[in-house]
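The structure under discussion appears below in the form of structure tokens.
Within every chain, numbering begins at 1; the chains are lettered A, B, ... in the order of the sequence lines, protein sequences first and strands thereafter.
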Amino acid sequence: MIWKITSLIFHRPKQVLSSISNPFSRQRILLSTFPANSPDLKTLCSNRQLKEALLEMGIQGLEVEFQGYDSVLTECISQTAIREGQRVHAHMIKTCYEPPVYLRTRLIVLYNKCRCLGDARRVLDEMPERNVVSWTAMISGYSQRGYASEALHLFVEMLMSGTAPNEFTFATVLTSCTSSSGFQLGRQIHSLVIKTSFESHIFVGSSLLDMYAKAGKICEARRVFDGLPERDVVSCTAIISGYAQLGLDEEALDLFRRLQREGMRSNYVTYASVLTALSGLAALDHGRQVHSHVLRAKLPFYVVLQNSLIDMYSKCGSLTYSRRIFDSMPERTVISWNAMLVGYSKHGLGREAVELFKLMKEENKVKPDSVTFLAVLSGCSHGGMEDRGLEIFYEMVNQKDGFEPEIEHYGCVVDLFGRAGRVEEAFEFIKKMPFEPTAAIWGSLLGACRVHQNVHIGEFVARRLLEIESENAGNYVILSNLYASAGRWDDVRTVRELMKEKAVIKEPGRSWIELDQTLHTFHASDRSHPRKEEVFAKVRELSIKIKEAGYVPELSCVLYDVDDEQKEKILQGHSEKLALAFGLICTPGGTPVRIIKNLRICVDCHNFAKFLSRVYGREVSLRDKNRFHHIVGGTCSCGDYW
DNA sequence: GTAGGGTTAG
């Protein structure tokens, strides 16, 4: 039978093919007679008569049909038209004997784009043969949707099948190596990259350096970056954001400026990354400069960029600007809301946070997530709205918003009780939690015990805390403060001894102030600043002056075994006092002073700033690790609880 | 036909 058709088509192609009106039936007959790429088919297509016959009918053989599928699928991909794509897929199965690899790959791309990863994978699994493009398309699908381990497994499978990865494969698979488990494989992939000489390929290199940066290996990342023979926006942005994401804000800013001088072009991603660094530094002048740059560049609206502007202004202390940007946005993501809520929370504006949260729920366009609740709850805590905070938490527990509280949310509740002086309730709450309390939760309760002078619970909590987190110097400081406030000096001494034995000071304290776009950084007892003598003299002067108004140095903040005079000297060398004094020296009277500290502010420095604001009539805005302290006329917006 | 960087919290 087959040879008869073959023979007929071969000898009388016009008659045979024109007698079949349906083009798909024509193709089916052709294909069932001659499987694609078979030598017979090639012979057939070299038949002049047949070619003419096909051309007359507007069909140039199989490729015409395939090209039809190809263009329809391309259209489906660009429009994310899944329904139409599925229809074409079904049609193709019915009519094509053996769709070529590139058509099946199009299907994989289409299904991935439409988030139908299972369908895409099925297409790949059913392929009689695969090439590097089809493998890479599927790996990319997994990577882009966050299925890192699936992406990595498939990559390994690809290697085992004997298919060699290309630059596309490396660039995509390395983005899945950012988890700690993936990083091990990432290093191995790096050696493959070197073997195939792709390390200096700009896409592969960017992906590689990003992997190292996200693993905290910034030096490795920088090495890859420096080895790139050419740079573009993406590779530059990757290294800048690498620094910024690790909190190396100054390095990020310096590199950004250097690359800019060297002619780097920036886009909205670059700006968003730089703004992250500027938020960390609270460098308002720089931030404003970037903002005006963005405005002048007349970029289209990018949610991500606006979100980082909201964050930058709020972390630089200008909440009004944050809100202005927030209000002007034509569309918002959950991050826009969160950034604004976090801003209110860090500034202690509980009422504003709760109002905004209400608005978010009324608008009902964006679903609150874990961060939203953290921001609202800690906003209530910092803003003195304990009851409202508890209400929101219990609404969460009752699943009113479709979101179950996680351990961090329980931590916020401990904070809420603690702040309200309900230390016993906080303690009971921890005991009944469905989670094992973390060091952060015990730490929060210990802080409450110090402020509300509950030595009884405080001792218990501290003992637990020193068991699970014996190396954290902060815990010893709080416990010692607690004992000191109860006048238990022997215990203060014991804690000090214990601390000497076990505690590690992880991060040295430092404070900084921005004056005319320059950041001035001070470390404790800093002797390196060019104007150190002047600064130290100013601290002594301020100290004498505010003592007249009632300031008493909080010597229990010093855990060194030295005499009181020495202790006072150590206190005077705290970095936030140096930065504050420098601010007073450099700015005219009445100007508000903005200080940033990398750790929590200490009790003595907090007191110092309060007295100073009253005696000198200076507004002090101090951002510490946890929140803003707006200190005016002797009182602080934190209500002395932080 | 397949590819790299980004925003909140911790």
>> Strictly by salt bridge (charged side-chain N to carboxylate O under 4.0 Å, His left out), give each pair with a member in residues 197-206 of chain A just once, sequence neighbours left out.
In response: A/E199-A/R223
>> A/E250: which residues meet the salt bridge (Lys or Arg N to Asp or Glu O under 4.0 Å) condition with it, sequence neighbours left out?
In response: A/R510
> Ignoring hydrogens and angles, are the base of B/dG4 and the side chain of A/D232 linked by a donor-acceptor pair under 3.5 Å?
Replying inline: yes
> For DNA chain B, which residues in residues 150-158 of chain A have a heavy atom at a distance below 4.0 Å?
Replying inline: none
>> For the backbone of A/F168 and the side chain of A/T172, can you confirm whether one donor and one acceptor N or O come within less than 3.5 Å of each other?
In response: no
>> If you apply the rule side-chain contact (heavy atoms from CB on, under 4.5 Å), what do you find for A/L390 with A/V413, and how did you get there?
In response: CA-CA 7 Å; A/L390 288 174; A/V413 174; 3.7 Å; yes
> Within 45 degrees of the axis of the six-membered ring of A/W337 and under 6.0 Å from its centre: does A/R332 put its NZ or CZ there?
Replying inline: yes
> Is it true that A/R419 and A/D415 make a salt bridge, defined as a side-chain N closer than 4.0 Å to a carboxylate O?
Replying inline: no
> How would you label the contact of A/E406 with the nucleic acid (heavy atoms, under 4.0 Å): base, sugar-phosphate, or nothing?
Replying inline: nothing
> Across the strands shown, which category fits A/T105 at heavy-atom distances under 4.0 angstrom: base, sugar-phosphate, nothing?
Replying inline: base
> Are the aromatic rings of A/Y410 and A/F429 close, with centres under 6.0 Å apart?
Replying inline: yes
> So what does A/L208 touch, heavy atoms closer than 4.0 Å: a base, only the sugar-phosphate, or nothing?
Replying inline: nothing
> Between B/dT2 atom C1' and A/I108 atom CD1, what is the distance in whole Å?
Replying inline: 10 Å
> A/R231: what forms a side chain to side chain donor-acceptor pair (under 3.5 Å) with it, not counting sequence neighbours?
Replying inline: A/E262
>> Nearest whole Å is fine: how far is B/dT2 C1' from A/H201 NE2?
In response: 12 Å
> Do the side chain of A/S322 and the main chain of A/S314 share a donor and acceptor less than 3.5 angstrom apart?
Replying inline: yes
> A/R104 CZ to B/dT2 P: how many Å, rounded?
Replying inline: 18 Å
> Among residues 215-228 of chain A, which contact DNA chain B at a heavy-atom distance under 4.0 Å?
Replying inline: none
>> Less than 4.0 angstrom from a charged side-chain N to a carboxylate O is my criterion; do A/R130 and A/D125 meet it?
In response: yes
> Ion pair present between A/D254 and A/R258, side-chain N to carboxylate O less than 4.0 angstrom?
Replying inline: no
> Atom CG of A/N166 to atom P of B/dG1: distance rounded to whole Å?
Replying inline: 14 Å
> If only side-chain N and O atoms of A/S140 are considered, is one of them under 4.0 Å from the OP1 or OP2 phosphate oxygen of B/dT2?
Replying inline: no
> Has A/Y321 got more than 12 heavy atoms of other residues, nucleotides or ligands less than 6.0 Å from its OH?
Replying inline: no
> Taking CG from A/L107 and P from B/dT2, how many angstroms apart are they, rounded to a whole number?
Replying inline: 13 Å
> Could you write nucleotides 5-10 of chain B as a row of B, S and -, 5' to 3', where a protein heavy atom under 4.0 Å of any base atom gives B, of only sugar-phosphate atoms gives S, and otherwise -?
Replying inline: BBBBB-
> Are A/Y102 and the base of B/dG1 stacked, counting only ring centres nearer than 5.5 Å and planes tilted under 30°?
Replying inline: no
> A/L174 CG to B/dA3 C1': how many Å, rounded?
Replying inline: 11 Å
